Each structure stands twice: as C-alpha cells, then as structure tokens.
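Below you'll find the structure, written out as structure tokens, and then a few comments.
Note on naming: letters A, B, ... go to the chains in the order of the sequence lines (proteins, then strands), and numbering restarts at 1 for each one. When reading the values below, keep in mind they use all heavy atoms of this one structure, side chains included, and skip hydrogens, waters and symmetry mates. From a predicted model like this one, the values you see are computed outputs, not experimental measurements.
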Amino acid sequence: MEDLLAEFVAETREMLEALAGEIVAWEADPADRARLDAVFRFVHTVKGNCGFFDFPRLAALSHAAEDALSDVRAGRREPEPRLVSAVLAIIDRIGAMADAIEAGEEFADGGDAALIAALSPATDGGRESPAEPLALVNGDAGPAVRQSGGARTIRLPVGLLDRVMSGVSDMAVARNLLARRLQDVSDPALDAQFNRLSALLDDVRDAMTRTRMQRIDTLFAGYPRMVRDLSGELGKQAAIEIESGAVEIDREMLELIRDPLVHILRNAIDHGIESPAERMAAGKNGTGIVTVSARQTGNVIRIAIADDGRGIDADRLVEKAVAAGIVAAEDAPRLSRQERYGLICEPGLSTRDHATAVSGRGVGMDVVRANIERFGGSLYIFSTLGSGTRFVIDVPLTLSIVPSLTVGAGGQKFAITRSYVEEIVRAGTDGADMADLCGVAHVTLRGRRVPCFSLRKILEIGDVPVEPEQLLVVLTLVGGELFALAVDEVFDHEELVIKPLAPAIMATGLYAGTTQMDDGSPVLMLDVAGMAREVGLLGQLKDKVTGRVPVAAPVAETPGAQVLLFVGLDGRRRALPMVAVNRVEQVPAAAIRLGAGSAQAVVGETLYPLAGVEGATLPEDTTVQLFRLGDGRSEMTYAFREMLGIVTAECELAGNDGDGLAAGVALVDGQPVELVDCLGLFARHGRAPAPARPQFCRLPSGDRWFQDFLRPLVEAAGYRVIGETDETEADIAIAAREAEGPVPQGARAIWLRATPEATPDMADTIYRYDREGLMAALRAASAGRSA
Amino acid sequence: MNGLLLVVTIGGCRAAIRAAEVQSVVELDAMAPVPRAPVFVAGLAALRSRALTVIDCARSLESTGPVAPKGPPTVAVVERDGHLYGLLVDAVDDVVEAGGGLAELRTAPQGGWKRAALGVAETAMGPLPVLDTAVLVAGPPAREAA
C-alpha cells in the first residue's frame, strides 16, 4: 500500500506541477476550453485515485470541483471569477493534503466545507467576495513545505527501460558464448573472474526483471469509477470490491489483460447484475456486488471477477449451442460444466436475446478468450444460476520470461509453454497404448483417449505418422481437453525470454513468439491453442466430447505372455501379466492405509485401492514399492517387496482356486510361480468403472467439524477434498443446512443438519452423525456420476 | 527526392532502398526456417537480442529472376511497426546519392515490382526503381501468400 501511496502522491504532485501554468492561464481567461479541460482532468484523476484509497476529504473536495467544472464544460454554468477562485483554492488544498499524506501527518481539520460551499453558484443574496475562503486556505495550510521522506521514486520512459533490459539480455547471450570459449582455455584464475562477472550479471538481470513489474492495483484503480458510470448508464445498482493483495505483474502483461478484464467487467454489470427491481424480487440486496481479486499462486496470477447476479443458464446455453449446430445434440448431455459455460465464448452464442450498447450481445467473449490464450493465460467460468458468475483468468507471471519445454522436430528446435504440458510419454509404452481411430492415432492415458498429432506434419516439415516409441508431449487445453504432439526429441526445461513475432509469422496462427537460445540461435515458441485449432480440436466441441469417452481394453492373460516376476510383501514369489502393469511407484509407508474394509494407497495426489498387503506387515518408516495396475478403465496398486524381472513364461491357468488371489501358475525356469489374478483383483478393488479423474468433494474449509470429523470419512469413500475457494469442479459438495453463505459449488450437494430429528424445513438433509446415510449419499453421487 | 539510396540486387535485378530507412546491412550466420510461414518469409534470425524476420525480397516481389547466389545471406535491416525485418537480397552493391525527384515507372514490370516501386530515381549507377520497404515486408497479397 505504501508504494501505491507514494505513487499517488508523486502522480498528484507531478500533475500539479504540470498544471501550474495552466491554472494561471485559466485564471486569466476562464473561457479557454483547453485549459478548462486540463483542470477538469486533474480533479477527475485525483477523485478517481481517492476512491481507490480511503481519503474521504480529498474525494469530497475533488468531487465537488469536478461537478462544478463539468457544469461549466456542459455550458450549464459560466466560468465566473468566483468559481475559478474556488476551484483554484481546492487545487491548492489538494496539493497541501498530498504533502501531508507523504509526510504521514494528519491534515488539519476544517475548511473543506467552506471551500466546497464557495463552489456553489452565487445566490440572489449577493456576491460574496472570493477573497475570504482563499485567505482561509492560505492561512491554515501555510506555504507548502515539502518534506522528503521514505523511498523516492522516479519516473522513466518505458523505452529506456526496454533498452537496458535488452542490453542485459544481450550481455547474457555474449556471456554464454564466452563461457564456451573459456571451457577450451581452462584457466582457473580466468574462470573465477568470469564466474564473478556471471553472478553479477545474473543479479542485474534479476533487478531489471523487477523493474518490469507493476502492482496490479494500478490496473484496478479505474474500476470503481467505471462500475459507477456503467451501472448508472444501464440503470443498475452495482458496487465493486477490490482485493489485490500485493500482486505484481509484468508491465507488458498488464497492458495485455487490460482489455479482456474490462470486457468481462462490463459483461458482469450488463449481463450478470440484474436490475434493482429484479434483485429485490429475487430476495437479493438491490445493489449488486462485483468482486475483483488477484492472487499469485505459484507462477500464475489468478484474477477473478465475480458478480452476484443472475448467473449463466447453462441449459439454455447448451440448447442454443445445439440449435446453432456448435454442439451435436447427442453430445450435449456429456459436456462437462466447464465446457457448458465455455460455450459463452463460442462466437455468436449468448443467453441474452437483446444486444445492449455496453457489451453487445455477448459477442466478444470469443475474442476475450482468444486474447487470454494468446499470452498463455487461461479462462475459467463458474456460475450458479440465480446467484452469480465467476470468471477466473490465470495469467502467467510474466509475459517475457516463460518456463518452457524445448522439443525437436525435423531437425529444428521449438519451445512449448510449460504450463500447457501435462506429461511426456513414449507412445506404445508407459501404459500409453496406441490405437488408430479414423486415421488419427490415439493413446490411452489413465483411461482417457488422447488424440496424437505429429508436430512435423502440422508444421509440414515431413509427413510421418505417429508411430510407437515416439515421444509424445501431452498438452492440456483450457477446459481440460488433452491432446498430444509427437516430437522427435525432448530437450530441456528452460526459462526463455519470449519476444514478439512479426505479423506475417503471427498470421500462421501456429506461433506465440520467438526466443533465443544461449548460443543466440532463434527458436520459435509454439502456440498451443493454435496447434489445437490447426488439428481441428478447438471450436469443434463434438470432437472434444468424443475424445474423452473412457475406453475399455481387456486385460490379456494368455499363456506364453510376458509376466513380471516379483516377491510379494509376504515373501512369496508371484507374477503379474505385463500388460496389466502401468508403472512402478515408490511411496512412503505413511501414504498407505490398511483400512478395515479395503487398503488404499496415495500415489501422487490420487488415492488408489491397494492389494498385495493381505496378511503382511508394512515396513515402518520406509518406502513401499507399488505396481500401478490398469485395466484401461480404472487403476489400482499392488504392493511388493522386490522386483525380479520380466520373463516370458508358460502360464497354466488353473481354475479359480477359491481364494481368488491366483489366476493360475506360471512356470519360470521350471519353478512354479503364482500368477496374480488380475480379473479378480479388479473385480474386488477396482471401483469400476473408475472416473477418468479423481472425484472431488467440496467441504467448508474453515469449519473444524467438517475438516476434523467428516473429511476422513469422505476421503475414505475415495473423494479428494477441496475447499470452497478451490477452482476445481466438485463432484459433490457437503455443507451444513444451517450455515450462512453462498451455495457451495458442486455437481451435487449433500446437506447436513445438526439435529437428529428433521424439521419440515430440513427436508433432504442428513443428520451429521448418520454415517450410513452419508455413505449411501456419497455412493449414490459416485454412481450417478459414472452412470 | 534527394538523399542516399542503398543499391541492391534482388532476383538478378538492380533496385534501390532509401538508405535512411536501413539501420544496417548484416551478413547472417544463423537463420531458422519458420514452417508454414508465407514463402516470402525466409526465416527468423536474431540481431543482438531482438528477433529479425528475414524477408526474401525476390519472393516478396514474386520475381522470376535467377535464384540468389549461395553464400552467407545478406540482409538490410529495417524496422517497421516495432518489428525488425531483414530484407534478404542477392547483394548489396553500393550507396549512391539520388538526384532530383522520383520519375514515374513507365514500363509495366512484373506484378510485385510494380506494387513495390515508389518510382525511378536517377543515380550515378543509372535509373533505379526505389522500393517501398513496407510493401516488401508485407509480401504479396494474401491470395498468393497463402
């Protein structure tokens, strides 16, 4: 806040200095329109800034002056000398107050009212002499004494900063070239000096990077005014709440998000917030609230614009999309929530039938989304019909330094923004089975069928199909769709300085920018959204829907198959069919829970059923090795002590021997080895069919009872618990009926009541200690989802 | 018009570019091709730490003349709309003083040349068509560039 305050004071003072000449000229010729405008702009700006800070006195003064001047501008009032004097007195007072703010002093009370009163048009009672209020001002403020205190700031032209920045980048490139030469020389003394120089350069580069950063507050500062004006124009009542923490954002990025944010804000007021009458009728406060917030999480800045308006009617949106032929009717029910709301970003779709002057017909959200994606950001939309909509924009921390993955195709190097990269797999291995579907290669990853495209083919530098063993970079699009690019090589994760491309190259729609490697060679940054468009993934929801249908791959357990030989936790040698093993994991013993009913293991962030622990004791304080088994639909884990190797074995399938643990016997080097019964394992443990993603349950994060008592139960039922503010789509939300607050976001809701007996207004609730009832509801939700 | 002209050879033909627009003439040692870019975009190079889009002038003018000679590519660097472009030419021949104004180009040369020529300048090296760098950078109209 202090930086901002300093900036405010500096800006005000700067404007005052620039205005000094204008004021004098205006005084001499009050009819001078240009001067009048300059003075008006000043009080207007001060007023806008005051609204952002909490300076009621400054705000009142500048507001009064602005009103009077705007009357003059509109020709409703003559700029008579009395008014001019009064305005000048207010400007003096603003300057004096700014000095007081900087010095951290309280400005002496009083006098404001007299100054404001002096602005009012002279009444018939006679003309007062303007000398009185003026004298008063000069009397109590005294001559302005500037006290310098705190960190001084200076203003620099942006071009100069850019020059220094690019000079520093050049030095880094030269440094890297020099480093290579020095390796050939290998002179320790020289190396030491060079390393010192290198470290210094890195410091300078860091500092320079910071000069590019700006408080995001500067962007939001104009919003209160904008909301006020817009709501007035549209006959709405809206207030804005801004919470921005201390988020800093790259100056260039700030410019790029300016327009999309304003557009969303306008939409929120125009389409989101209802008219005061409608709001009253819906039992809401007549004044709508728009909340703008910015948070830094990891290397993204998450900006949210939320309104408490009417929300988006997803069903109606889908209907329209079907009618417009954007979505095939049979696919409509399969759209995820995010995909449904995402439809408002489809060109030409809106739930509003009437266009308005402010934000049109919702046209433009497609542009907004395209713009956000262009700089590597993502747009998410959450909405509850009747209670509001929330737009969330994830913005990369800086535009110019992007964490990237470098890949090779056709002998050339390309970069991909790392935030898009989901994982890297080798086609046909690592559990990524390949299949051909209508001429497009697909791999199956954790039950999801992911289309694969050859990067060489997209770029037309070779016509090679996607083949087994090829490296696949799996990319996530906004909305969660996956697709994979087959590349020749994957080089490295690097922080790359991205530069803009010339329009002729941007027009291909395939590249987002260019960067230089350490040796100075240029590398193109691929535009992931553009790639998706190129292969027909974006703008064709139909494909997106069919792309995520779970696939069933039968587990082959044929005699003579490859088996994985291992020693179980109980010390016995066993074998698993190789096809069933997706990967080998190592987890701490703490990640394993031997429940009364079934054991479970947490791998990464996912909870899997666990087998192979029956009758065994877990080694304490160590790690446990697990096989991750998959049948193409669901996954589970199997604990083991030691892996012996992969062999091709003659397997003799015995009839089910009753305990269901062994499918038969494999002969390995003449020794019989128990073959684990995968069919039985999945029948018992696999929550078939397991969802493609873990199921999420939203619980009130601030409530101790929910977190301490209920959470373990929900987790044991296989859900992952998230808080109210988490952006993830929840499959189910649990909340107390008695609790105040907004309806939790979730595909289904379970309401709990505190009393064993249900009162009539407590229909459809479950007593919070009714364990069976709760589990049944959770199971029902889970079954409903996978049905 | 008066001023200095940079005399270049493009597709085997002599032409001139206003020297005031040219920041420098450099020989590129590395150039990365840009797959799927219009044909007149020869590639991407780096000039100091800025991206340099290399424009193949012969392609941009849809010239049917002989192919550029082998050797390190020579480009004239111009800046337009904040982007740096390298105008790839067969050779940079000279810098000459232009005398008098631009005469109208009376002949009807091939499409691209007509589009790009601002006029004809009389120089010590004879009459030379003066090319508009904006047209060179923009390339042929979209129909052909596709």
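A/Arg456 meets the side chain to side chain donor-acceptor pair (under 3.5 Å) test with A/Asp488; sequence neighbours excluded.
Considering every non-hydrogen atom in both B/Pro33 and A/Gln412, the closest pair reads O-NE2, 2.6 Å. When all heavy atoms of A/Pro522 and B/Ala32 are compared, the closest pair comes out as O-CB, 3.7 Å.
Annotation: side chain of B/Leu44 is in contact with side chain of A/Ile505 (closest heavy-atom distance under 4.5 Å). Within the 4.5 Å cutoff, side-chain heavy atoms of B/Pro35 are placed close to those of A/Leu524.
In this structure, the portion of B/Val41 lying under 4.5 Å from any heavy atom of chain A is its side chain and not its backbone.
Between the side chain of B/Arg36 and the backbone N or O of A/Ile458, at least one donor-acceptor pair lies under 3.5 Å.
In the displayed structure, B/Asp81 atom CG is contacted under 6.0 Å by at most 12 heavy atoms of other residues, nucleotides or ligands. Residue-environment remark: NZ (A/Lys457) stays at or below the threshold of 12 foreign heavy atoms within 6.0 Å.
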